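Shown next, in structure tokens, is the structure this report addresses.
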2 protein chains.
Amino acid sequence: MNDILGDWKRTHYCGHLNAEHIGREVCLMGWVQRRRDHGGLIFIDLRDREGIVQLALDPDRDPEAHQKADRVRGEFVVAIKGEVSRRPDGTLNPKMKTGEVEIEVRELRILNSAKTPPFMIDEFSEVAENTRLKYRYLDLRRPALQRTLMLRHQVTRIVRDYFSGEGFLELETPFLTKSTPEGARDYLVPSRVNQGTFYALPQSPQLFKQILMVSGFDRYMQIVKCFRDEDLRADRQPEFTQIDCEMSFVDRDEVLSVMEAMIARVFREAIGVEVPLPMPRMTYAEAVGRFGVDNPDLRFAMELVDISEIVSNSGFKVFSDAVQGGGLVKAMNIKGGATLSRKDLDDLGEFVKIYGAKGLAWVKVNADGWQSPIIKFFSADEVAGIAQALSAEVGDLLVFVADTFRIVNDALGRLRGHLGHKLGLIDKGAYKFVWVTDFPLLEWDGETRRHVAVHHPFTAPMDEDVTLLDTDPGKARAKAYDLVLNGSEIGGGSIRIHDRAVQSKMFELMGIGDEEASIKFGFLLEALEFGAPPHGGIAFGLDRLTMILADTDSIRDVIAFPKTQKATCLMSEAPGEVDDKQLRELGIKLVTRPK
Amino acid sequence: MNDILGDWKRTHYCGHLNAEHIGREVCLMGWVQRRRDHGGLIFIDLRDREGIVQLALDPDRDPEAHQKADRVRGEFVVAIKGEVSRRPDGTLNPKMKTGEVEIEVRELRILNSAKTPPFMIDEFSEVAENTRLKYRYLDLRRPALQRTLMLRHQVTRIVRDYFSGEGFLELETPFLTKSTPEGARDYLVPSRVNQGTFYALPQSPQLFKQILMVSGFDRYMQIVKCFRDEDLRADRQPEFTQIDCEMSFVDRDEVLSVMEAMIARVFREAIGVEVPLPMPRMTYAEAVGRFGVDNPDLRFAMELVDISEIVSNSGFKVFSDAVQGGGLVKAMNIKGGATLSRKDLDDLGEFVKIYGAKGLAWVKVNADGWQSPIIKFFSADEVAGIAQALSAEVGDLLVFVADTFRIVNDALGRLRGHLGHKLGLIDKGAYKFVWVTDFPLLEWDGETRRHVAVHHPFTAPMDEDVTLLDTDPGKARAKAYDLVLNGSEIGGGSIRIHDRAVQSKMFELMGIGDEEASIKFGFLLEALEFGAPPHGGIAFGLDRLTMILADTDSIRDVIAFPKTQKATCLMSEAPGEVDDKQLRELGIKLVTRPK
């Protein structure tokens, strides 16, 4: 075939060479990071996936190779043969893995040329995001992105190894699934064969993995793409990857212990971090009580304190009215926060308003006493009670929100997270895991006037709460659990309903009639009647997990071909136009023309 | 939580128990395969993923468990605690893996009941395909399907292990990609955010994996779903799974040797078959010459023989006219086929007509000479020449087709395959691999009056044929290769074009203008200008590969949730209806209402 490579075969990756290879003949292939001319010699930094090595071309030793090297520019693709040698004294580069050696090049072939790239392929270039996305193939050459995507690969390897050792089978579930009316956020795929009908892309393989349990596969896992037709957000993609698991004949404790061991193994093998097991657990009620949210960041303290009892009869009507109206008053002690300016305090007040609070009351604990617009309304007992409840010390800032249960927790919980970052309270190197359990099963949707499932409609109620389904369903707790890491939910799941009657009861509470249930979930419902085992599972977000492991805030660092609203050239970023023939075949017509 | 399992934890799988466990206390959970009452005792065959074990319930030993067992029916889900004991003499069952033991049950819990299933869950039930698909969750409980899906899991494990060891990275490519006009067979996904535009589901990650090579990831693999909007066929699904690979800085030989080692490992580890390496190779020209097809089944001989020269001036005008008109005459010796009846011969004649042949000439080699309607037209030299070319012996049947190159090879090649099965010529236990190489690059499409790529437009021409692109493009061969196993193509790939100018030339030959090329492939074309390495790859069909390993002809045996046109209840089988609100949000209208 007379291939461009002829009989040349690469012997090493550039980045793997070191003093041990001195004297060896090698054949390398890669990209030109940099070319320098120095006293007649040409030096080329040659880069591949594994790193960079220096090539030295001497016109006296091999004039032909030197001549070719003279034509080489940045990002040219070259192959060389040569000998690994120790760099001359004084030219060693201890910052490079390969810094002790260089290659004395004997032969050089230019495999491809390259136009001048719009930015340097290095760690340091500050390049506009837009440009980087437009030239994603160049951006992906940067060592930082190469590392995160290799890390992602490694994570999937570790996960699959672990689950395989635990007897899980990786089984594929379909992507083209039956669509149903009102399938909000489903991507729809019109059928050519059966015009007028649509497939839906799955938001998760939930029903399929439950069917696999009914089918007796016992332990299932899959690393699988899921789809949600939502606007793009900074940390969310319309297609995302889940580590999806399901187990039969297990209770919650077994699911949690199998899963936390998987996570610990990933952290150990991927980034060398030991995660102490078992991971701590916290009920939903405790999480919201102490931290205001169900995904608490445990890398710092600053817990919420309920002072409702102390201020229930306070002269400060905002507080006492809230308590007497069925709401509550909670406070947080921002240690050392007394130095915040009036402007800072105003900003915090604006922040809590986003979450529905009417305002943020505050007290500065100064050496000469409390300073606050509301201090005058409090009795000495109340001041003493608050001070004790919050362990107030000189220099602290106490902040308060009084409102309904939901607004108080939401506002203060979010404020806590905000301040954790803003005030640098977070221990950056820490990985704080917590299982949050015992979520509510249902919540009331005032708009549609029916209950909706907090997790999903297949989540089992806690056994001791089953009777509540008839009396006070909003109070029933679920066998649901989330794994929270550093304030981010990285996984969530539940023990599922395996009893047909309980499943029907759930649908009834959610206002889903028999016909609707049959259209949407008929296959599962029927399956539950033919010997469904007790089962439960969980799904982890691979994208989020990899972001945390790679210590990046940008989802675009962990996905090779992200979707984005900004870039215009990236092949996967945006949907495209189709022609009339295609539409005719699908039996559809455009109402709106593309912009 | 008072879980239904309480503090019970399964200790073993049913199918794993044997004489070594005698005396052990075990806790098992599974499905009731069968219940028998025998002299006051109840015996239950309990089944899980790993097999079946016999439970024995004695009313004297544990009346409560015995009583519960009395309520148990087929496919009930039960958990038991008991002791493994040796079966009484005379009741050992050597056909069962667990046939030496039974469990003396002390406690039994019914975890779920089951309606009477529409068919027995065993190896032997002959059940209508339709019923099996309707109750797929029950069908999937059958040991045969459990085994094939576990085998599929195992194959993906072996493949990933192998590639990981070879330095391949599993990188994810997008499912929602940019659609293009005329994207035949693309599934389209209307965008909600940008109404009037569509995503396309990928028919393969081809462009993305090439971009990953341009990005320097060096070695990529992915086990990935692909989509093709075509009618269902027996062996084809609209969503199918590929083992997709791409490598940089390699020529064809290196791709082939890395890939055949992977396949050999799969056969060794999954089914214990040693595949001799290197695998044989054959050019496309040789394959078509000897076997009429580019996917020859090498499990049996019966090659095609070109007798054009012998009969070019024959008195049998059908032969001589074909040769003189630029066509050819080929023949096949069906050893021992002289016993075929006139009806059989007529059927073979009808068979070749499907592939465009006007008829099938034949000669029976009898002890008393040749018997054939056409024998009278041949000279003695021609008879001798044919007899020698085909090594004709008494009892053989010689068959002939005279026509154009394409029709002769197609008709005789397919006939060969057909007879291989029909006459039992195939060595059933054999695995005959062959790499078919040097495919034509382009073929002429009379309808659109332009060249189309035989493999795909990114396949590189053979270096020595590059000049043919200007002079006689139809003659140019490609650096393309297929892996054929037992007459099935299980993989195909090529060395890709890494040179922008050659890529443009290809598009030009295919009648793809600059604008069209830019819309469809602009991202790749631009990338080729910024330092694309030489690269190539391949994709294997996981479904087909698993079918061969599992020795099944039905694709539904290797996919948990297949699509089918027959069944009506399977959740993934058919697209569904959507409501007006959903259509409005997508900016589309139905022209055709669903049937």
Side-chain angles (χ1 to χ4, degrees), chain A residues 1-5 10 29 49 75 77 114-115 137 140-141 153 169-171 174-179 181 187 189 191-192 195-199 211 214-216 218 225 229 239 249 251 462-463 523 527 529-531 533-534 560-561 571-572 575-576 578-579 587-594, chain B residues 1-5 10 29 49 75 77 114-115 137 140-141 153 169-171 174-179 181 187 189 191-192 195-199 211 214-216 218 225 229 239 249 251 462-463 523 527 529-531 533-534 560-561 571-572 575-576 578-579 587-594:
Chain A
M1 291 202 301
N2 288 324
D3 200 87
I4 189 169
L5 301 173
R10 180 172 57 182
M29 303 185 187
R49 185 178 94 180
E75 300 310 311
V77 187
K115 295 206 292 195
Y137 41 90
L140 284 172
R141 284 186 196 161
H153 160 78
L169 303 171
E170 182 154 14
L171 298 171
F175 282 97
L176 296 170
T177 70
K178 192 167 185 161
S179 65
Y187 276 107
V189 184
S191 163
R192 223 174 280 257
Q195 291 191 344
T197 63
F198 293 76
Y199 289 110
I211 292 289
V214 176
S215 302
D218 205 73
K225 274 281 176 75
D229 192 356
E239 52 178 305
F249 301 114
D251 58 17
M462 292 179 71
D463 299 62
F523 198 66
E529 297 183 334
F530 284 97
F561 300 101
M571 61 204 301
S572 75
V578 300
D579 58 31
I588 61 176
K589 221 163 94 174
L590 296 190
V591 176
T592 315
R593 285 277 147 195
Chain B
M1 291 202 300
N2 288 326
D3 197 89
I4 188 170
L5 302 173
R10 179 173 56 183
M29 303 185 187
R49 187 177 92 180
E75 300 310 310
V77 186
K115 295 206 291 195
Y137 39 90
L140 285 171
R141 282 185 198 162
H153 159 78
L169 303 171
E170 182 153 14
L171 299 171
F175 284 97
L176 296 170
T177 71
K178 191 167 185 162
S179 65
Y187 276 107
V189 185
S191 164
R192 224 174 280 258
Q195 291 189 344
T197 62
F198 293 76
Y199 289 109
I211 291 289
V214 176
S215 301
D218 204 74
K225 274 279 176 77
D229 192 356
E239 52 177 304
F249 301 115
D251 58 17
M462 291 179 71
D463 299 62
F523 197 66
E529 297 184 334
F530 284 97
F561 300 100
M571 62 203 300
S572 73
V578 301
D579 59 30
I588 61 177
K589 220 163 89 176
L590 295 190
V591 176
T592 316
R593 285 278 148 195

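Note that the coordinates shown come from a computational prediction; the quantities given were computed from them, not determined experimentally. Throughout, a chain's letter reflects where its sequence line sits, starting with A, and its residues are numbered from 1.
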For the residue pair [X] and [Y], what are the closest heavy atoms and their distance?
X: D463(A); Y: I4(B); result: OD2-N, 4.1 Å
X: H153(A); Y: E170(B); result: ND1-N, 2.8 Å
X: A114(B); Y: G531(A); result: CB-N, 3.5 Å
X: R141(B); Y: F530(A); result: NH2-O, 2.7 Å
X: L5(A); Y: D251(B); result: CD1-N, 3.9 Å
X: L590(B); Y: G196(A); result: CD1-O, 3.8 Å

With respect to chain A, which residue among A527(B), S191(B), P534(B) yields the maximal number of heavy-atom pairs within a distance under 4.5 Å?
A527(B)
CG (L176(A)) and CD (E239(B)) are apart, to the nearest 0.5 Å, by 4.5 Å
Spacing of F175(B) atom CZ and Y187(A) atom OH [to the nearest 0.5 Å]
14.0 Å
T177(B) vs F561(A) side-chain heavy atoms within contact, under 4.5 Å:
no
Given a strict heavy-atom distance threshold of 4.5 Å, which part of L169(B) is in contact with chain A: side chain, backbone, both, or neither?
both
